[in-house]
Student: 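Below you will find the structure I want to go over with you.
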Amino acid sequence: MPRPLGELEDAVMTRVWKWNRPVTVREVLEDLQQERSIAYTTVMTVLDNLHQKGWVRREAEGRAYRYEAVSTRAAYAAALMNDAWAQSDNPAAALVAFFGMMSDEQRQALRDALRIIRDAGEEPVAETAAAPEGTEGAGPNAADAVDAQENPDSATRGGGR
């Protein structure tokens with residue numbers, strides 16, 4: 001599991017992910033300087049650290065390097081969420097609490113993601129997420145749990161899809 005990125009690492013990786021192409025230290029520096037005062041050597045050190053941590057790969061170009069993301073921001077976010085969830089002593093309760101914190105847009109994104117998985121012929125990974133202990137497979141799936149957060153009456157009617 002990846003450690004969360006520090007503030008400056010995140011600022012640098014945000015640009016690498018957004019641009020989605022190999023970047024130079026100079027390019028990242030010039031973009032960062034629009035927001036803060038920062039030295040070339042600082043950006044170079046951050047990119048070198050990100051390379052050593054496995055977040056970016058680099059290729060020599062003359063006397064400099066071009067850096068490229070190894071994975072996507074979505075994969076990074078998913079790994080952080082998975083690690084946080086795995087650390088819980090009650091994963092089902094953690095998911096229900098997480099669903100309760102979601103905005104309407106996030107709930108819709110979750111429904112869309114589960115629909116994509118279902119349409120691909122795969123069972124949703126979170127199929128038993130809200131099932132009481134010992135009733136695996138009998139509980140609602142993640143979309144039903146999200147629906148129940150929005151409309152508590154739907155949980156007693158068997159879901160709101």
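Starting from 1, each residue takes its place in the sequence as its number.
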Student: I want to check something: taking the side chain as every heavy atom from C-beta on, are D10 and R73 in contact at a cut-off of under 4.5 Å?
Tutor: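 When only atoms from C-beta onward are counted, R73 and D10 do touch, with a gap below 4.5 Å.
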
Student: Do NZ/NE/NH1/NH2 and the carboxylate oxygens of K53 and D48 come within less than 4.0 Å?
Tutor: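 Salt bridge: no.
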
Student: Are any of the side-chain nitrogens in E30 or R15 under 4.0 Å away from the carboxylate oxygens of its partner?
Tutor: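 No salt bridge links E30 with R15.
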
Student: Are V25 and L8 linked, directly or through other ILVMFWY residues, by side chains that come within less than 4.5 angstrom of each other?
Tutor: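 Yes, same cluster.
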
Student: Looking at E9 and G6, would you say the former's side chain and the latter's main chain have a donor-acceptor pair under 3.5 Å?
Tutor: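 Yes, because the side chain of E9 sits within donor-acceptor range (under 3.5 Å) of the backbone of G6.
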
Student: Flag yes if Y40 and V16 sit in one hydrophobic cluster, no otherwise; membership is Ile, Leu, Val, Met, Phe, Trp, Tyr, and two members link when side-chain heavy atoms are under 4.5 Å apart.
Tutor: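 In one cluster: yes.
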
Student: Are the side chains of V23 and E68 in touch, meaning some heavy atoms are under 4.5 Å apart?
Tutor: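 V23 does not reach E68 side chain to side chain.
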
Student: What is the distance from atom CZ of R36 to atom CD of E7, rounded to the nearest 0.5 Å?
Tutor: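 So the gap between those two atoms works out to 5.0 Å.
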
Student: Would you call E59 and R66 a salt bridge, using N to O less than 4.0 angstrom?
Tutor: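 Salt bridge absent between E59 and R66.
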
Student: About how many Å separate CG of D31 and OG1 of T14, when rounded to the nearest 0.5 Å?
Tutor: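 The CG atom of D31 is 10.5 Å from OG1 of T14, to the nearest 0.5 Å.
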
Student: If I take atom OG1 from residue T24 and atom CE from residue M44, how far apart are they, to the nearest 0.5 angstrom?
Tutor: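 If I round to the nearest 0.5 Å, the distance is 12.5 Å.
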
Student: Apply ring-ring contact (aromatic ring centres under 6.0 Å, His included) to residues Y76 and W55 and explain how you reach the verdict.
Tutor: CA-CA 9 Å; Y76 167 69; W55 286 107; 5.1 Å; yes

Student: For the CD1 atom of I117 and the CG atom of D112, what is their distance to the nearest 0.5 Å?
Tutor: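 Here the rounded value is 11.5 Å.
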
Student: Do any N or O atoms from the side chain of W17 and from the backbone of S71 form a donor-acceptor pair under 3.5 angstrom?
Tutor: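 Indeed, once roles are kept as given, a pair shorter than 3.5 Å links the two residues.
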
Student: Where do A94 and W85 come nearest, in terms of heavy atoms and distance?
Tutor: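 Closest approach of A94 to W85, heavy atoms only: CB-CD1, 4.1 Å.
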
Student: Looking at every heavy atom in both G54 and V70, which two are closest together, and how far apart are they?
Tutor: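 Smallest heavy-atom distance, with atoms named: O-CG2, 3.4 Å.
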
Student: Say you draw a straight line from CZ of F98 to CD of Q106; how long is it, rounded to the nearest 0.5 Å?
Tutor: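 Here the rounded value is 6.5 Å.
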
Student: Is the NZ or CZ atom of R58 both under 6.0 Å from the centre of the six-membered ring of Y65 and within 45° of that ring's axis?
Tutor: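 Verdict for Y65: a cation-pi partner in R58.
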
Student: Under the criterion side chain to side chain contact (heavy atoms under 4.5 Å, CB included), which of V56, V28, V46 is the partner of M13?
Tutor: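 Only one option passes, and that is V56.
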
Student: Looking only at heavy atoms, which two atoms of P22 and E27 are closest? And how far apart?
Tutor: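 That would be O-OE1, 4.2 Å.
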
Student: Can you tell me how far CG of L47 sits from OH of Y67, rounded to the nearest 0.5 angstrom?
Tutor: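 The distance works out to 5.5 Å.
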
Student: Are I38 and Q33 packed together at the side-chain level, in the sense that at least one heavy-atom pair is separated by less than 4.5 angstrom?
Tutor: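 Yes, their side chains come closer than 4.5 Å.
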
